[in-house]
Amino acid sequence: MKEDSEYWVAESIKDVNFDQKYTMGSELGRGASAVVYCCTHKETQKNWAVKKIVKRPQSRVFTTEIKLLLGLQHENVVRMKEVFETKANIHMILEFAAGGELFDRIVERGSYSERDAAAAFRQIIQGLKYLHENNVIHRDLKPENLLYLTKDEESILKIADFGLSKMITPNIMKMSICGTPSYSAPELLEGKMYDYSADMWSSGVILFILIGGYEPFYAPTDEKIFARILRNQWKFDSPFWDNISSNCKDLVSALLVRDPAKRMSAPEVLKQHWVMGIAAKEEQIVGATERLKSFNARRKLKGAANAVLMATSVMKVSSKAED
Ligand code: ADE
């Protein structure tokens, strides 16, 4: 990372305008409160991702939080380079993860084993461990936020989009949860106090999907998904889980635990033989790619519909606040 060493300056919010230094490119993704685009640094012609957040009137960005995020540096975490703030917008310049989403890559590859899943999962947990050590809770860990740095087969996997939810308003936070309840810990859905263990729950949901190819709390409506999560209603359905190693199932069971205090932590997960690749089976998981393919297609369709719905609601919230 030699070329970047001068780049990563933990600068605070800038007076210079985003447009003076960068050229905006095409859209990469859209969430409840922000849109992510590709952008090019004019001086170096290097590509970055930029997260553009439309500010609510009177809202303040918490400089201390941004400083914390600017200081984070781990290979499994998308790096934040600099931040620009104007009256209307915040532009966050982020490391550009050009390799695409984890689940898309798995589907493209055709077949995979428990060992492949463990290798990806280990990187997610390494990133989470680092965030948690630095007092950052992701709060919105989901497949869309798990990105490969490059198209290379050996590319590093990175966690994106962490630590931003505290800076956005409670209303937008609620909408964001409504957008994707599937990965949210029960205590978050209940509006209770939560801590790092909320991310561990989400990692359990992701691990379940990686192996099973379908969601543990699947239901036809968001309300029903909510209800299943709150009751912790999931199981290792036959035949999908029949040939999966007990080490893997034990890990899923240690993460999808209703009581946050009893959930396994990131350092504990990293000590598990399955995660280390020792106890993970090498043979293909039968049918998982096909199931994951249809799960992915459904997820993207739902994501696109939700983005439109949420953008409309955010506009409504903002215009109400302006009244
Ligand atoms: N989508 C969201 N964040 C991204 C990033 N940092 N790089 C590429 N695509 C993204």
Side-chain angles (χ1 to χ4, degrees), residues 1 3-4 7-8 10 18 21-41 44-54 66 68-84 89-108 120 123-124 126-128 130-131 136-168 172-173 175-176 179-180 183 199 202 206 296 299-300 302-304 306-308 310-311 314:
M1 292 279 275
E3 53 165 332
D4 288 335
Y7 248 111
W8 303 115
F18 163 79
K21 283 181 79 176
Y22 295 88
T23 312
M24 191 66 108
S26 53
E27 186 178 316
L28 297 169
R30 195 171 270 270
S33 63
V35 185
V36 181
Y37 303 89
C38 184
C39 69
T40 312
H41 186 244
T44 59
Q45 289 299 301
K46 189 174 154 116
N47 284 336
W48 298 87
V50 55
K51 184 165 186 148
K52 182 181 172 187
I53 302 174
V54 179
I66 293 223
L68 171 74
L69 297 181
L70 283 166
L72 296 177
Q73 191 174 351
H74 186 274
E75 66 169 7
N76 301 117
V77 163
V78 162
R79 192 86 201 264
M80 189 189 286
K81 182 191 171 218
E82 55 182 345
V83 179
F84 300 93
N89 300 309
I90 299 165
H91 286 91
M92 294 175 171
I93 311 297
L94 307 164
E95 185 174 20
F96 179 47
E101 292 177 19
L102 164 68
F103 283 11
D104 288 340
R105 183 171 291 203
I106 290 178
V107 166
E108 279 162 23
Q123 298 188 67
I124 300 169
Q126 279 165 354
L128 275 186
Y130 176 80
L131 289 176
V136 174
I137 310 173
H138 191 298
R139 299 177 187 86
D140 195 20
L141 196 67
K142 56 187 176 188
E144 291 83 340
N145 291 334
L146 302 172
L147 305 171
Y148 281 103
L149 182 61
T150 66
K151 299 262 182 224
D152 196 283
E153 211 176 299
E154 303 298 312
S155 167
I156 294 169
L157 184 63
K158 297 210 169 229
I159 302 179
D161 232 356
F162 48 87
L164 302 176
S165 43
K166 255 210 232 158
M167 295 182 329
I168 57 182
I172 292 175
M173 180 67 189
M175 275 182 264
S176 144
T180 46
Y183 310 93
D199 288 341
S202 308
I206 288 163
N296 247 2
R299 178 171 66 91
K300 302 229 163 182
K302 197 176 166 192
N306 267 335
V308 175
M310 289 192 288
V314 170

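As the structure lists them, so they are numbered: ligands from 1, and atoms in each ligand from 1. Quick note: numbers below take in every heavy atom, side chains included, and nothing from hydrogens, waters or symmetry partners.
- Closer than 4.0 angstrom to ligand 1 sit non-hydrogen atoms from L28, V36, A49, V78, E95, F96, A97, L147.
- Not counting sequence neighbours, Y148 has no partner by the ring-ring contact (aromatic ring centres under 6.0 Å, His included) test.
- Remark: side-chain polar atoms of H138 are paired, donor with acceptor, to backbone N or O of A160 under 3.5 angstrom.
- The OG1 atom of T23 sits 8.0 Å away from the CZ atom of F18 when rounded to the nearest 0.5 Å.
- Listed for the Y183 side chain is no donor-acceptor partner under 3.5 Å among the backbone atoms of I206.
- Using a distance-only test at 3.5 Å, with no hydrogens or angles considered, no donor-acceptor pair links the side chain of K51 to the main chain of V35.
- Listed for the N145 side chain is a donor-acceptor partner under 3.5 Å among the backbone atoms of D140.
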